[in-house]
Structures are given as structure tokens and as C-alpha cells.
Amino acid sequence: MSFYDGRRLARVWGLIAEQAAGRGGRVAAADVCAAVVPGVQVTGAWLSAALDAQAGHLMQVTDEVSRQLAELQLTLGEGPLFDASASGGPVLASDLANGESWARWPGFAPAASQAGAAAVFAFPLVVGAIRAGVLGLYRDRPGSLSDFQLGDALTFADTATMLLLDAQDQAGGATRPGGGPGGQPAGLAFYRAEIDQATGMLTEQLGVNITDAFVRLRAYAYVNDLQLADVARDIVARRLRLFPDPDLSLGDET
């Protein structure tokens, strides 16, 4: 590591540690989200953890627009989050209003613009063959990251990867009161648990594997213009049941 890289890493770690100190806990992956916003000069950020090497679940957001961006991608099944996860490299969309973004993500790009995002940047959390998740950033005005900001963003992503994998290793232990693994808020930990539970229930109801069950969950949310978490909540509460043959019916509310 060069002296310059060492200074960058120390500065990034310092920003993350400040966030952890502010909430009175150990440094965790969730602190990266809060620290990267001023560190890279973006408007907001989100962190998603991988599930079975796929895009996975929302762990942390810095604002409502970040939550909407992550939710939109999980519901639509397209966007920078998925592309970064699949390619293993950063996906940088500096202007969501241009034709290239709309052609690449015909569902996500216009919806993200409507939600308040003008530029989105996604960084995979990868170590070798292990894909831990994705760190997503957005700006409310179009514009590219500078070379310096891109270098910082990559360092934030590397740090989040290490912290997230560490949290997964400790997942069997006790978590802090009011928090979930990786320092995520209890509310998002519950959000993730509901989607996991609903997906598990669908494997039994539909007789499919976990991946196909999540696809059906996401498809129902998209077709009915609902949030993924709301559909999961209804399935868990048994207010909604999906059927094995999607050609017959997407679901039935009871």
C-alpha cells in the first residue's frame, strides 16, 4: 500500500468511526452509509446485503429517497444494484435522464428520476468469489464522481465489505439492543426478516426454490404497484396467498 492509499484509508476509517461513536456502538457496515455521504459528496446512500450471491436485502439507508431507490430495484429486478452485483464492478450512472440510462433500465431510470435521483452509483462488495452486497449512492443533480471521489467510494465499499462479512460471521451471537447485524437499525432488520419469512413461505406454497420464490414475490409487487415489504407483510400475516400457476392468478387476498 502506498503512502497516499494509506492516508486515504485512514481518512475513510476516521469518518466511519465518527459515525459509530455518534451512535455509541462498535464500527459496523451500517456506519459506512452515513459516512460515505459527506465523504464522497453525494446526497444519500444505501447498503444491501447479498442473499445466495444475488442482490439481496436492504440493510441501511440514509434517507427516504435512498430507501425508494433500493426498493425500486429489488421490485423491478433491474438497476445499478443488480448490474454491479452481477458484474463485480462499479456501475456509474451520472445522468439518469439521458437516453442511455433509460435504454439500460427502462423501468428503474424514470422511476428513480421521479423519486428525486439524478445520478446513481453502485459499488459491489466483493472479496474474491464472495459477493457480500452492494453499496449504492445517489445525487439529486446529474454529474460524475471525480477521480478522487471515485477512489474514496471504492475505499468505502472495501471497508463495508470487510465489516459486513465480519457481521455475518458473528450473526449467531447476540446483537445489541435496538440494532441488527452489521449495525443496521432494528426497523430494517425486521424489514429484512419479513421478506425472508415471506420468501420461505412461498417456497412451500408454490413448491419452488428460494430464488424462484423471491422472483414471484417481486413480480407480484411490481404488477400491483406495491412495495416489496408490504407484499411480504401481507403474506406473513396470511392476508395474501400466491398460487403455483402464475397464468391462473397472481394471488388472492383473503
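Just so we're clear, the structure is a prediction, and the values are computed from it rather than from any experiment.
- Annotation: side chain of D31 is in contact with side chain of R23 (closest heavy-atom distance under 4.5 Å).
- Listed by chain and number, the residues in a salt bridge (Lys or Arg N to Asp or Glu O under 4.0 Å) with E64 are R67 (sequence neighbours excluded).
- Checking D63 against S66 by side-chain atom types alone, a donor-acceptor pair falls below 3.5 Å.
- With sequence neighbours left out, the side-chain contact (heavy atoms from CB on, under 4.5 Å) criterion links A157 to F123, L125, L135.
- Heavy atoms only, all atoms of each residue included: L72 and A112 are closest at CD1-N, 4.0 Å.
- Under a 3.5 Å cut-off, the side chain of R216 and the backbone N or O of F243 do form a donor-acceptor pair.
- The distance from the OG atom of S48 to the CD atom of Q60 is 12.0 Å, given to the nearest 0.5 Å.
- Nearest heavy atom pair, residue A160 against residue A29, reads O-CB, 4.0 Å.
- Residues that satisfy the side-chain contact (heavy atoms from CB on, under 4.5 Å) test with P142, not counting sequence neighbours, are D95, A118.
- What you find for A117 and L96 is that their closest heavy atoms are O-CD1, 3.7 Å.
- Side-chain contact between V12 and T159 is present, with at least one heavy-atom pair separated by less than 4.5 Å.
- Counting only heavy atoms from C-beta outward, the side chains of P80 and W105 approach each other to under 4.5 Å.
- Nearest approach of L47 to A30, heavy atoms of both residues: CD2-N, 4.3 Å.
- L92 has its side chain out of reach of V120: every pair of non-hydrogen atoms, C-beta onward, lies at least 4.5 Å apart.
- Checked by atom type and distance alone, the side chain of Q114 never pairs as donor or acceptor with a backbone atom of A111 at under 3.5 Å.
- Using a 4.5 Å cut-off on side-chain heavy atoms (C-beta onward), L76 and F82 make no contact.
- R104 is listed as a side-chain neighbour of D83, based on a closest heavy-atom distance under 4.5 Å.
- Expressed to the nearest 0.5 Å, how far CG of L137 lies from CD of Q41 amounts to 12.5 Å.
- When side chains are defined from C-beta on, Y220 counts as touching L240, because their heavy atoms get closer than 4.5 Å.
- Not one N or O on the side chain of R238 forms a donor-acceptor pair closer than 3.5 Å with the backbone of R241.
- In this structure the side chain of V37 never reaches within 4.5 angstrom of the side chain of T43, judged on heavy atoms.
- Using modelled atom types, one side-chain atom of T62 and one backbone atom of A45 make a donor-acceptor pair closer than 3.5 Å.
- Partners of W46 under the side-chain hydrogen bond (donor to acceptor under 3.5 Å, both in side chains) rule, at least two apart in sequence or in another chain, do not exist in this structure.
- Every pair passing salt bridge (Lys or Arg N to Asp or Glu O under 4.0 Å) that includes a residue from residues 138-153 is listed here, sequence neighbours excluded: R8-D152, R11-D152.
- The hydrophobic cluster containing F156 does not contain V126, counting ILVMFWY residues as joined when their side-chain heavy atoms lie under 4.5 angstrom apart, directly or transitively.
- Scored by the side-chain contact (heavy atoms from CB on, under 4.5 Å) test, W102 finds A109, P110 as partners (sequence neighbours excluded).
- Judged purely by atom type and a 3.5 angstrom limit, Q73 uses its side chain to pair as donor or acceptor with the backbone of L81.
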Go through the steps for F121 and V40 under the test side chain to side chain contact (heavy atoms under 4.5 Å, CB included), then give the verdict.
CA-CA 11 Å; F121 315 101; V40 183; over 6 Å; no

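- In this structure, A97 and S113 approach most closely via the heavy-atom pair N-OG, 4.5 Å.
- Interatomic distance, D158 CG to L9 CG, rounded to the nearest 0.5 Å: 9.0 Å.
- The two residues M162 and W13 have their closest heavy-atom pair at CE-CZ2, 3.2 Å.
- Residues S101 and N98 have side chains that bring a donor and an acceptor to within less than 3.5 angstrom of each other.
- Listed for the T203 side chain is a donor-acceptor partner under 3.5 Å among the backbone atoms of G200.
- Atom CD1 in I235 sits 4.0 Å away from atom CG in L202 (nearest 0.5 Å).
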